[in-house]
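What you are looking at is a predicted structure, and each value in this text was computed from that prediction instead of being measured. Chain letters run A, B, ... following the sequence lines, proteins first, then strands; residues in each count from 1.
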2 protein chains.
Amino acid sequence: MYSSELLKGSLKTIVMQQLKEHGKMYGYEITQKVKEISSNKIQLTEGALYPALHALEAEGFLTTETEFIGKRVRKYYSLTPTGQNKVLEKINEFAEFVSTMKLILQIETKKA
Amino acid sequence: MYSSELLKGSLKTIVMQQLKEHGKMYGYEITQKVKEISSNKIQLTEGALYPALHALEAEGFLTTETEFIGKRVRKYYSLTPTGQNKVLEKINEFAEFVSTMKLILQIETKKA
DNA sequence: CAAATATACATAATATTCTTATGTATTTAA
DNA sequence: TTAAATACATAAGAATATTATGTATATTTG
């Protein structure tokens, strides 16, 4: 796990990218997918994830459908059309930020 | 300027890297240097910078010397030996984080 | 089969770290 | 001479994370 200060500000971008890539997903699924892709380096915490999902929904970037799996509720999130644009924006913003940081820190980042 | 959420968690790394590169610097100088290198994209605010400098000093990563330029005080910061190690750590951590994020966001970052 | 672990949601208290605003004061440029 | 730049600093507030807590079902393991 990273000293996750760095994660601040990137969480929503990560979440939306997952939805962009995999279509509708539920919260727990997102945490597991991100954990898997990052080889356990990024573990989204519930206390951060759920409020973020709710905020994105309130902002109009996500919609939800509730499903019952047995007796257990599962809440699926998907990107709205606005959300589809937003995630592209977010990713570009992140890429630009990294470019600037590479310049400042004088580093080359390797492919992961 | 970025939606500077992304900057959160990177500020101390940026500051220490500047000191690593240029030797002793004072606060205002750091803001100007970073602004210049980033082509105005990163503008450190005083309300964030000075507390960060004080914190880094308290943590033992920086030392200070005060100088008078005319009647005006100028406070120079430099890396301590511990600070020299810390900045390398921080930069590595950032590079690793970016690698993971590139994997997650499926992007290639260009040279700035 | 009982107990531990994993799945699945959520919120509250707290911590951290930023922005914005405010304050003080000197120096330089218009 | 007045505005802008230089140079420090702190306080109020906002945003966003961590940690803890709560509830409940489903699955795995000893």
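Of the two residues near DNA chain D, A:I69 and A:A52, the one whose nearest nucleotide lies more 5' is A:A52.
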- Item | Nucleotide-resolved protein contact map, nucleotides 8-16 of chain D, B/S/- at heavy-atom distance under 4.0 Å | BBB-----S

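Geometrically, B:K75 does not engage B:Y26 in a cation-pi contact defined by less than 6.0 Å to the ring centre and at most 45° from the axis.
Annotation: the span from B:I30 atom CD1 to B:K35 atom NZ amounts to 15.5 Å, rounded to 0.5 Å. B:I104 contributes atom CD1, which lies 11.0 Å from atom CD1 of A:I91 (distance to the nearest 0.5 angstrom).
When the P atom of C:dA6 is taken as reference, atom CD of A:Q43 falls 11 Å away, rounded to whole Å. In this structure, CG of A:L44 is placed 15 Å from P of C:dA8, rounded to the nearest angstrom. Distance CD (B:Q32) to C1' (D:dA5): 9 Å, rounded to an integer number of Å. Between the CZ atom of B:F68 and the P atom of D:dA7 there is a distance of 14 Å, given to the nearest Å. Going from atom CG of A:L49 over to atom P of C:dA12 covers 17 Å, rounded to whole Å.
Remark: A:K86 pairs with A:E89 by the salt bridge (Lys or Arg N to Asp or Glu O under 4.0 Å) rule, at least two apart or across chains. Scanning for side chain to side chain contact (heavy atoms under 4.5 Å, CB included) contacts around B:Q106 gives A:Q17, A:E21, with sequence neighbours left out.
Within residues 56-63 of chain A, no residue approaches DNA chain D, by heavy-atom distance under 4.0 Å.
With distances taken from any side-chain atom of A:R72 to the nucleotides D:dT19, C:dT26, D:dT25, the minimum falls on D:dT25.
Evaluation of the side chain to side chain donor-acceptor pair (under 3.5 Å) test over residues 47-72 of chain A, restricted to residues two or more places apart or in two chains, returns A:K12-A:E59, A:E57-A:T64. Applying the salt bridge (charged side-chain N to carboxylate O under 4.0 Å, His left out) definition to pairs two or more places apart or across chains, none involves residues 43-56 of chain B.
The 12-atom threshold is not exceeded at NZ of B:K33, counting heavy atoms of other residues, nucleotides or ligands nearer than 6.0 Å.
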